[in-house]
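When a ligand or atom number is given, it counts from 1 through the structure's own listing order. Worth knowing before you read on, the calculation uses all heavy atoms, side chains too, and leaves out hydrogens, waters and symmetry mates.
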Amino acid sequence: MPHRIVIVGGGAGGLELATRIGRRHGRRGAVRVTLVDRNLTHVWKPLLHEVAAGSLDFSANDVNYLAQARWNHFDFQPGELCGLDRGRREVLLAEALDEGGDAMAPARRIAYDTLVLAVGSRSADFGVPGVREYCSFLDTTQEALRFHRRLLRRYLQAHARSSPDAGPEMDGHDALDVVIIGGGATGVELAAELRRASQRLPAYGLESIQPQEVRITVLDQAPRLLAALPERLGREAESTLRDMGVRVKCGVAVSEVTDSMVTTKEGDRIPATFVVWAAGIEAPPVLGTLDGLETNDRHQLKVRRSLQTTLDDAVFAMGDCAACPMEAGSGKVVPPLAQAAQQQARFLAEHLPRRPEGRSLPDFCFRNRGSLVSLADDSAVGNLMGNLMRDVTMEGRLARLFYSMLYRRHQLAVHGAARTVLAVVLSRIHRRTEPRLKLH
Ligand SMILES: Cc1cc2nc3c(=O)[nH]c(=O)nc-3n(C[C@H](O)[C@H](O)[C@H](O)COP(=O)(O)OP(=O)(O)OC[C@H]3O[C@@H](n4cnc5c(N)ncnc54)[C@H](O)[C@@H]3O)c2cc1C
């Protein structure tokens, strides 16, 4: 009987892992890989701010799990993780629903010999009143698309009102206040992308809201933007955003969000048509209900450096949903980044298929390759770690080029070299033949 590896979550880490093991071992039959995801398609999460702003057509960048499974010799099962039976080695799946809320697969159990949990993360609201009710999030493709459609609706309504033939009931001035809470990479990238989108929309006839009437504000509790990166880069990002006309307010803590206002503990009241919450992440709460497996206060599964959960050798966790120690005794955990999920996928792809032979796993070692933050179109800021671990800071077009390489690496792992080259060529053609903004 083949060794059954079940991977739950087909994101930056899980999809690469299933593809790598399937491609290398799936055909020989010694290992059977099953990937489970609650969706039928995958979009690489770091692209979601571009989906939200409308500058990326997600349908040209999504991966269909069924086709990917067929081409790479693994099985795909739609389903939502809802529990675990460690005694019987079965993972419990709730009914998988499509976008219309109809069932596409029933609730069921799937047996495993090795289980890998790679279900990612979601925004943490930190208990701030109004966040869940009134904020948009960039946690899933559906949420990013929903934000984009709301934004576009607002432009179309303004367009209809400004028509010379519109009746008096259509009177009213349209300005737009977008407040982004969180000045980390996601908030900064979204602000830059939205500013570019507001500058492009008039070119498609939607000039009723002029770019200067789109007021974008980024708020952060920390004293500066990009607090996780060197100070110089935070300052660089702030001055670029200000040059683009984005307001930046650091050192302010949001105390409440309503349908039209963001209030801070410092007493600011900021009008808001749309509020995007990008202030921090936590793992999905379902991980706290998995048959006694240990989690931390962000619901991440506690794992050893082999990525095995602390209480069960047969259950692994990787990516954003795992709290993996950086070094023994350091107290630090591997950061929730796509590059960490990718490195863990490579690590597990090499070592998991050897488990049936009784080999123990070595320690995973995270190599920080630096972080780059996109400032739309042709600019980025960030730092790269060289081979000698010298920290090289960069900005501008070169930084943007390195930024896009992270996605290319993901495409290479998922599609292989030939299809990645084809995808790059097609996206260049697409840019010339389609509007630069998604207008539906
Ligand atoms: C806007 C944005 C920009 C970012 N930019 C960068 C960047 O520039 N560089 C960088 O390194 N990182 C970046 N990140 C972080 C990066 O996206 C994550 O660290 C990375 O995606 C984590 O990979 P993962 O495999 O753990 O989870 P994910 O990629 O989030 O995948 C999780 C998968 O699990 C599935 N899933 C979730 N719950 C369930 C369930 N209950 N049952 C079944 N399936 C489930 C989801 O559908 C998804 O497919 C960015 C994140 C965002 C939101």
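Ranking protein heavy atoms by distance to atom 8 (O) of ligand 1, first place goes to Y403 CE1, 3.8 Å. Of all protein heavy atoms, the one lying nearest to atom 42 (N) of ligand 1 is L81 N, 2.9 Å. Among protein heavy atoms, atom 31 (O) of ligand 1 sits closest to G11 CA, 3.1 Å. Of the protein's non-hydrogen atoms, R38 NE, 3.8 Å is the one closest to atom 36 (N) of ligand 1. At the shortest separation from atom 47 (O) of ligand 1 among protein heavy atoms lies D37 OD1, 2.8 Å. At the shortest separation from atom 30 (O) of ligand 1 among protein heavy atoms lies K45 CD, 3.4 Å. With respect to atom 25 (O) of ligand 1, the closest heavy atom belonging to the protein is G13 N, 2.8 Å. Among all protein heavy atoms, the one lying closest to atom 23 (O) of ligand 1 is A12 CB, 3.4 Å.
Side-chain contact check for P356 versus D113: every heavy-atom pair is 4.5 Å or farther apart. Using a 4.5 Å heavy-atom threshold, the side chains of T141 and T41 count as separate. Contact of the Y65 side chain with the L15 side chain is registered, since non-hydrogen atoms from C-beta on lie closer than 4.5 Å. Using a 4.5 Å cut-off on side-chain heavy atoms (C-beta onward), D313 and R304 make contact. In this structure, L293 and R86 have side chains that are in contact, with non-hydrogen atoms separated by less than 4.5 Å.
Using a non-hydrogen distance threshold of 4.0 Å, Y407 does not register as a contact of ligand 1. Residue contacts with ligand 1 do not include P284, since none of its heavy atoms lies under 4.0 Å from the ligand. Judged by the shortest distance from any of its heavy atoms, W44 lies outside the 4.0 Å radius around the atoms of ligand 1. At a 4.0 Å cut-off, at least one heavy atom of G10 sits close enough to ligand 1 to count as contact.
When each atom of ligand 1 is checked for a heavy atom of P336 under 4.0 Å away, the hits are 19 (O). Listed by number with element, the atoms of ligand 1 under 4.0 angstrom from any heavy atom of Q339 are 11 (O). Within ligand 1, the atoms closer than 4.0 Å to a non-hydrogen atom of G120 are 26 (O), 27 (O), 30 (O), 32 (C), numbered from 1 in the order shown. Atoms of ligand 1 lying under 4.0 Å from at least one heavy atom of Y65, given by number and element, are 49 (O). Of all atoms in ligand 1, listed by their number and element, those nearer than 4.0 Å to a heavy atom of L406 are 9 (N), 10 (C), 11 (O). Listed by number with element, the atoms of ligand 1 under 4.0 angstrom from any heavy atom of L138 are 53 (C). The A118 neighbourhood of ligand 1 comprises atoms 32 (C), 33 (C), 34 (O), with distances under 4.0 Å to a heavy atom of that residue. Set against the non-hydrogen atoms of D320, the atoms of ligand 1 under 4.0 Å away are 18 (C), 19 (O), 22 (C), 26 (O).
Residue A338 has at least one nitrogen or oxygen atom sitting less than 3.5 Å from a nitrogen or oxygen atom of ligand 1, judged on distance alone.
The part of T186 lying near ligand 1 is the side chain, judged by heavy-atom distances below 4.0 Å. The side chain of N39, and not its backbone, has at least one atom closer than 4.0 Å to an atom of ligand 1 (non-hydrogen atoms only; side chain from C-beta on).
Checked against the 6.0 Å centroid threshold, H42 and H410 count as a close aromatic pair.
Within a 6.0 Å sphere centred on CD of Q77, other residues, nucleotides and ligands contribute more than 12 heavy atoms. Atom CZ of R20 is surrounded by more than 12 heavy atoms from other residues, nucleotides or ligands within 6.0 Å. Within a 6.0 Å radius of CZ in R70, other residues, nucleotides and ligands contribute 12 heavy atoms or fewer.
Residues D320 and R122 are not paired through a salt bridge, judged by the lack of any N-O separation under 4.0 Å between the basic side chain and the carboxylate.
Side-chain contact, Q343 with R346: no donor N or O sits under 3.5 Å from an acceptor N or O. Between the side chains of S239 and R242, no donor-acceptor pair is found at a separation under 3.5 Å. No side-chain donor-acceptor contact under 3.5 Å links Q142 and E99.
For the pair R132 and F137, the distance from NZ or CZ to the six-membered ring centre is under 6.0 Å and the angle to the ring normal is within 45 degrees.
Considering each of P46, A380, P285, the one bringing a non-hydrogen atom nearest atom 14 (N) of ligand 1 is P46. When C321, G9, G79 are ranked by how near their heavy atoms come to atom 43 (C) of ligand 1, first place goes to G79.
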